[in-house]
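Beneath this line is the structure, given in structure tokens, with notes to follow.
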Amino acid sequence: MKLQMMEDVHRHEFDELVIVKEGGGFHIINDRVEFIYKGDFFLVSANDIHCYKSTSQLSVINILLHTEKSFNFIRNIDQLIDSIRGCSLSIKKRRMRLYP
């Protein structure tokens with residue numbers, strides 16, 4: 001299991017679905033800070049600037065979504081991305097509903 005290292009602020013040329021497998025830490029995305037931990041998932045778009053800070057045993061699964069490239073295994077990738085965006089509430093909002 002590879003643990004997520006703290007990184008400098010960066011962006012990607014692709015969208016990225018991130019699933020937190022273990023641990024926790026702070027995910028800073030577009031100057032917004034969210035605490036993330038095991039079980040969380042979120043989408044980082046190509047337009048986002050982000051990094052991880054103060055991580056503790058953080059291990060993530062990154063699914064890279066290249067919408068500009070042809071990919072034969074997942075059909076209708078744009079619909080999948082739209083669905084993920086539509087279903088993904090901010091982590092803070094989800095927690096507020098769970099723990100009012």
Side-chain angles (χ1 to χ4, degrees):
M1 177 184 335
K2 184 178 177 185
L3 300 180
Q4 182 72 40
M5 302 299 290
M6 289 194 294
E7 299 181 38
D8 290 332
V9 175
H10 65 279
R11 70 173 58 194
H12 306 281
E13 295 178 1
F14 48 82
D15 294 333
E16 177 179 47
L17 177 61
V18 181
I19 303 167
V20 181
K21 185 175 176 181
E22 295 291 336
F26 292 97
H27 182 234
I28 303 169
I29 182 167
N30 302 324
D31 295 324
R32 190 179 69 237
V33 179
E34 301 277 357
F35 182 74
I36 59 172
Y37 61 91
K38 182 178 179 176
D40 285 339
F41 66 94
F42 49 91
L43 185 71
V44 178
S45 77
N47 298 321
D48 293 328
I49 299 172
H50 75 122
C51 66
Y52 299 95
K53 297 289 183 187
S54 301
T55 60
S56 175
Q57 302 297 309
L58 181 62
S59 176
V60 298
I61 298 169
N62 294 320
I63 300 172
L64 311 183
L65 306 169
H66 294 270
T67 58
E68 300 297 318
K69 295 182 179 180
S70 176
F71 189 72
N72 297 323
F73 297 104
I74 299 177
R75 304 231 185 272
N76 302 319
I77 191 75
D78 292 331
Q79 291 175 344
L80 175 62
I81 292 170
D82 289 342
S83 175
I84 292 168
R85 281 190 180 122
C87 293
S88 302
L89 295 175
S90 78
I91 295 166
K92 194 174 195 178
K93 287 181 183 175
R94 285 191 293 133
R95 291 202 179 119
M96 287 176 68
R97 283 193 291 160
L98 292 173
Y99 307 103

Residue pair Ile36, Leu58: steps toward the side chain to side chain contact (heavy atoms under 4.5 Å, CB included) verdict: CA-CA 9 Å; Ile36 59 172; Leu58 181 62; 4.3 Å; yes
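- Between atom CG of residue Asp31 and atom CD1 of residue Ile49 there is a gap of 7.5 Å, rounded to the nearest 0.5 Å.
- The distance from atom CZ of Arg11 to atom CG of Asn30, rounded to the nearest 0.5 Å, is 8.5 Å.
- For Lys21 against Lys38, the heavy-atom pair with the smallest separation is O-CG, 3.3 Å.
- The distance from the NE2 atom of His12 to the OG atom of Ser45 is 10.0 Å, given to the nearest 0.5 Å.
- The line from OG of Ser54 to NE2 of His27 is 13.5 Å long, rounded to the nearest 0.5 Å.
- Using cut-offs of 30° and 60° for the angle between ring planes, the His50 and His10 rings count as tilted.
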Between Val18 and Tyr52, does the side chain to side chain contact (heavy atoms under 4.5 Å, CB included) criterion hold? Intermediate values first, please. CA-CA 12 Å; Val18 181; Tyr52 299 95; 3.6 Å; yes
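- For Phe26, the ring-ring contact (aromatic ring centres under 6.0 Å, His included) criterion is met by Phe35, not counting sequence neighbours.
- The same ILVMFWY cluster, assembled from side-chain heavy atoms under 4.5 Å apart, contains both Val33 and Tyr37.
- Here Ile29 contributes atom CD1 and Glu34 contributes atom CD; the two are 8.5 Å apart, rounded to the nearest 0.5 Å.
- Listed by chain and residue number, Leu17, Ile19, Ile61, Leu65 satisfy the side chain to side chain contact (heavy atoms under 4.5 Å, CB included) test with Ile63 (two or more places apart in sequence, or in another chain).
- Here the closest non-hydrogen pair linking Asp15 and Ala46 is OD1-N, 2.9 Å.
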